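Scroll down for the structure; my scribbles are underneath it.
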2 protein chains.
Amino acid sequence: MELSLAEENYLKSIYHLSENGDTEVSTNAIAEDLQTKPASVSDMMRKLSDKGVIEYQKYKGVHISDKGKKIALNVIRKHRLWEVFLLEKLGFRWDEVHDIAEQLEHIKSPLLIKKLDAFLGYPSVDPHGDPIPTENGEINIQPQKSLMELNEGELGQVINVPDSNPALLRHLDQIKMKLGSLVKVIEKVEFDGSVLISIDNQSPIYLSGAISENIMLKLK
Amino acid sequence: MELSLAEENYLKSIYHLSENGDTEVSTNAIAEDLQTKPASVSDMMRKLSDKGVIEYQKYKGVHISDKGKKIALNVIRKHRLWEVFLLEKLGFRWDEVHDIAEQLEHIKSPLLIKKLDAFLGYPSVDPHGDPIPTENGEINIQPQKSLMELNEGELGQVINVPDSNPALLRHLDQIKMKLGSLVKVIEKVEFDGSVLISIDNQSPIYLSGAISENIMLKLK
DNA sequence: AAATATTTTTAGGTGAGACTAAAATTATAT
DNA sequence: ATATAATTTTAGTCTCACCTAAAAATATTT
C-alpha cells in the first residue's frame, strides 16, 4: 500500500507522540506537532483509519496499528540512514541534517535504501544517537535517562540528543558535548532546575533545565 | 521563487521539447510528454506565464523564458548529479538510475547539491553522457549526430544515450556498447533503416533504426 | 473559399489536503 | 450536579492539479 507524503508524516507523528506506539495520541497533540489545525487532523484520522494503519474512535484518541507502525518505522529508517549519509559522506554538521532528511525520507525505492544502507556500512544509529530500524521494522530501544533525572554525583554517557533542534545542537557543539561524552552531575540547582556538570572531565559548567531534559544518557 | 513539483516538471518538459529553449513547444507535445491531457497543460501554461517562467499566447505555443530556463537547468543539474551518485557510489546500473533521480531532483537544498557535487568530484557529464549544467545554469552542449545519420564507412564515438529508456539501455549493455565506444557504420539497409555496425572493432551486428536514432555520437 | 480535421482553450467538476466557524462531546470546576 | 471550559468533530470553503465535454481557433483538404 502506497501512502501519500502527508499520510506518511501523520503516521510518523503519531508514532513519535505515542512513544513507539505504546500510548494513545490526542488530535490536538498531532495538530500541534504537524503545525496544522485539529479539524484537519480529524479528517486525516478517518482516512488513515479506513486504510487500517491506525485504530480510531471519534473523541477517543488514536492508536497506531501494527501495519501503521511498520510503515512509520520504515520512514524513520529512511530518515536516519539519510542523516548518516549527509553527515558522514557529505560533511554536513549534525544540526543541519534533519531538515534535508525530512525531504529525503519520502523518496520511494526500497532498492535505493538497501544500497544506501550497504554504502554506509549498515549503521545502527544516526548522528543524534537514534537507533535505525531494520528493514523488517525492528527497532532497538535502549533504556535511557535524561540528564535532568540524574542525581548529584551520578555519571552517564550521552547516547541521544534531539535531531530537530538545530539551535540546541549548535550549543552542544559549543560546550563540546557529543555522543559518547561522559557527563558527571556535580550539583543540582533546586531553584530553576539547572545543573552543574563536567563533560569528559573538563571544567564544570551550568546547563539550564530546558537543555538538560533533552540530553539522554546511559548510566555508568 | 519556489515552484511546485508539478510546475518544475512542466518547465523541464518544455525545456527538453524546445531543444534547450530554442523552439516553440505545442500544448499537445507537452501533454504527451507528461502523460497528461491538453486541457491540463493549458491551465498550467496560464500559471507558468503569470510567474514569468514562460512566454505564452493562447493558441500560439510556448517559449521558455530566461528565468524559466535557469530553473529548468537547475532541476536538470540535480537530476544528473543524483544519477552520477546512484551509479558511481551506490552501484546502480545505468538503466536503473533515471526513475529514482526523477524523485531526488525535487529535493530542495542548494547546499545539499553543492556538497553532493564536491563529493562526486565535480562531474561534467552524467552516466548517459548528458552534460551537467553548472550552478549558474550554463550547459555545455556538444555537437552530435545520431548513429542513423552516419554514412557508410564513417566512424563515431558514443557520447550520449537516452536516460529514460531502461529497455534500450539494457540492450546496449548486451551488445557491449557504452559511452566512449567507437562505432563504425559498415552498411546501411535502405529497406528498414537498420544499420550494420561494429563496436570497438568487434564482429559486426545489426541495429534497428529505432535504436540507432537514439545513439548519439561525435564524429571521428 | 468552403468544408473538414486538428489543436487548443474554456467551462465545469473531482479528490486531496488544508482552512474557518459552528456544533457536539468530553473534561474540569464550582 | 450543573455550569463552564477544553477538545474534537462536522459542515462548508479554498487551492492545486488533474479530468471530461463542448466551444473556439487554427490548419489542412478539397
Side-chain angles (χ1 to χ4, degrees), chain A residues 1-18 23-64 68 71-72 75 102-103 105-108, chain B residues 1-18 23-64 68 71-72 75 102-103 105-108:
Chain A
M1 185 193 27
E2 289 278 283
L3 294 194
S4 73
L5 188 146
E7 290 169 332
E8 284 189 352
N9 283 335
Y10 272 96
L11 263 193
K12 197 163 51 112
S13 172
I14 295 167
Y15 177 83
H16 282 132
L17 292 170
S18 68
T23 68
E24 299 283 308
V25 182
S26 77
T27 300
N28 266 359
I30 298 167
E32 154 83 9
D33 186 49
L34 294 178
Q35 296 280 62
T36 182
K37 297 289 136 97
S40 311
V41 176
S42 288
D43 279 359
M44 186 58 94
M45 292 310 100
R46 206 187 17 69
K47 215 172 30 150
L48 291 180
S49 183
D50 289 349
K51 296 198 176 189
V53 296
I54 60 171
E55 281 124 38
Y56 170 62
Q57 283 168 267
K58 294 201 289 189
Y59 297 102
K60 291 289 157 62
V62 160
H63 191 273
I64 194 164
I71 294 172
V75 177
E102 284 287 288
Q103 297 182 62
E105 73 189 8
H106 299 292
I107 301 290
K108 279 174 173 61
Chain B
M1 183 197 27
E2 288 277 283
L3 294 194
S4 72
L5 188 146
E7 289 168 332
E8 284 189 352
N9 282 336
Y10 271 97
L11 264 193
K12 198 164 51 112
S13 172
I14 295 167
Y15 177 83
H16 282 133
L17 293 170
S18 68
T23 67
E24 299 282 308
V25 181
S26 77
T27 300
N28 267 358
I30 298 167
E32 153 84 6
D33 187 47
L34 294 178
Q35 295 280 62
T36 181
K37 296 290 136 98
S40 310
V41 176
S42 287
D43 278 359
M44 186 59 93
M45 292 310 100
R46 206 188 17 68
K47 217 174 24 153
L48 291 180
S49 184
D50 289 350
K51 297 199 173 185
V53 296
I54 60 172
E55 283 125 35
Y56 170 62
Q57 283 168 266
K58 292 200 289 194
Y59 296 102
K60 291 289 159 62
V62 160
H63 192 274
I64 194 163
I71 294 172
V75 177
E102 285 286 288
Q103 297 181 61
E105 71 188 10
H106 299 291
I107 302 290
K108 277 169 175 64

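The model shown is predicted, which means the values in this text are computed figures rather than measured ones. Residue numbers begin at 1 in each chain, while the letters A, B, ... track the order of the sequences.
- Taken residue by residue, residues 31-42 of chain A places heavy atoms nearer than 4.0 Å to DNA chain C at A:Thr36, A:Lys37, A:Ala39, A:Ser40.
- Whole-Å rounding puts the B:Ile30 CD1 to D:dC18 P distance at 12 Å.
- Remark: B:Tyr10 is in phosphate contact with D:dC18, judged by side-chain N or O atoms under 4.0 Å from OP1 or OP2.
- Atom-to-atom, CE of A:Met44 to P of D:dT8 comes out at 17 Å; the value is rounded to the nearest Å.
- In this structure, A:Gln57 atom CD and D:dT9 atom C1' are separated by 15 Å, rounded to whole Å.
- In this structure, B:Ala29 and A:Lys60 both approach DNA chain C, and ranking their closest nucleotides by distance from the 5' end singles out B:Ala29.
- Distance CZ (B:Arg46) to C1' (D:dC16): 11 Å, rounded to an integer number of Å.
- Residues B:Met44 and B:Val62 form no side-chain contact, since every pair of their non-hydrogen atoms from C-beta on lies 4.5 Å or further apart.
- With values rounded to the nearest 0.5 angstrom, A:Lys12 atom NZ is found 9.0 Å from A:Glu8 atom CD.
- Looking at every heavy atom in both residues, B:Ile64 comes nearest to B:Ala72 through CD1-CB, 4.2 Å.
- Computed from coordinates, the A:Leu3 CG to C:dG15 C1' distance equals 17 Å when rounded to whole Å.
- Within the 4.0 Å cut-off from OP1 or OP2 of C:dT10, at least one side-chain nitrogen or oxygen of B:Lys58 is found.
- For the pair A:Tyr56 and D:dT8, the criterion of a side-chain N or O lying under 4.0 Å from OP1 or OP2 is not met.
- Proximity of B:Leu34 to B:Tyr10: side-chain heavy atoms (C-beta onward) are separated by under 4.5 Å at one or more points.
- Rounded to a whole Å, the CG atom of B:Asp43 is 13 Å from the P atom of D:dT20.
- Counting to the nearest Å, the P atom of C:dA16 and the CG atom of A:Asp50 are 11 Å from each other.
- The residues B:Glu7 and B:Lys51 are annotated as salt-bridged, a charged nitrogen and a carboxylate oxygen being separated by less than 4.0 angstrom.
- For B:Thr27, the listed nucleotide lying nearest its side chain is C:dT9; candidates were D:dC18, C:dT9, D:dT8.
- Side-chain N/O atoms of B:Asn28 include none lying less than 4.0 angstrom from OP1 or OP2 on C:dT6.
- Among residues two or more places apart in sequence or in another chain, the side-chain hydrogen bond (donor to acceptor under 3.5 Å, both in side chains) test is passed with A:Ser13 by A:Asp33.
- Considering OG1 of B:Thr36 and CD1 of B:Ile30, their distance stands at 10.5 Å, rounded to 0.5 Å.
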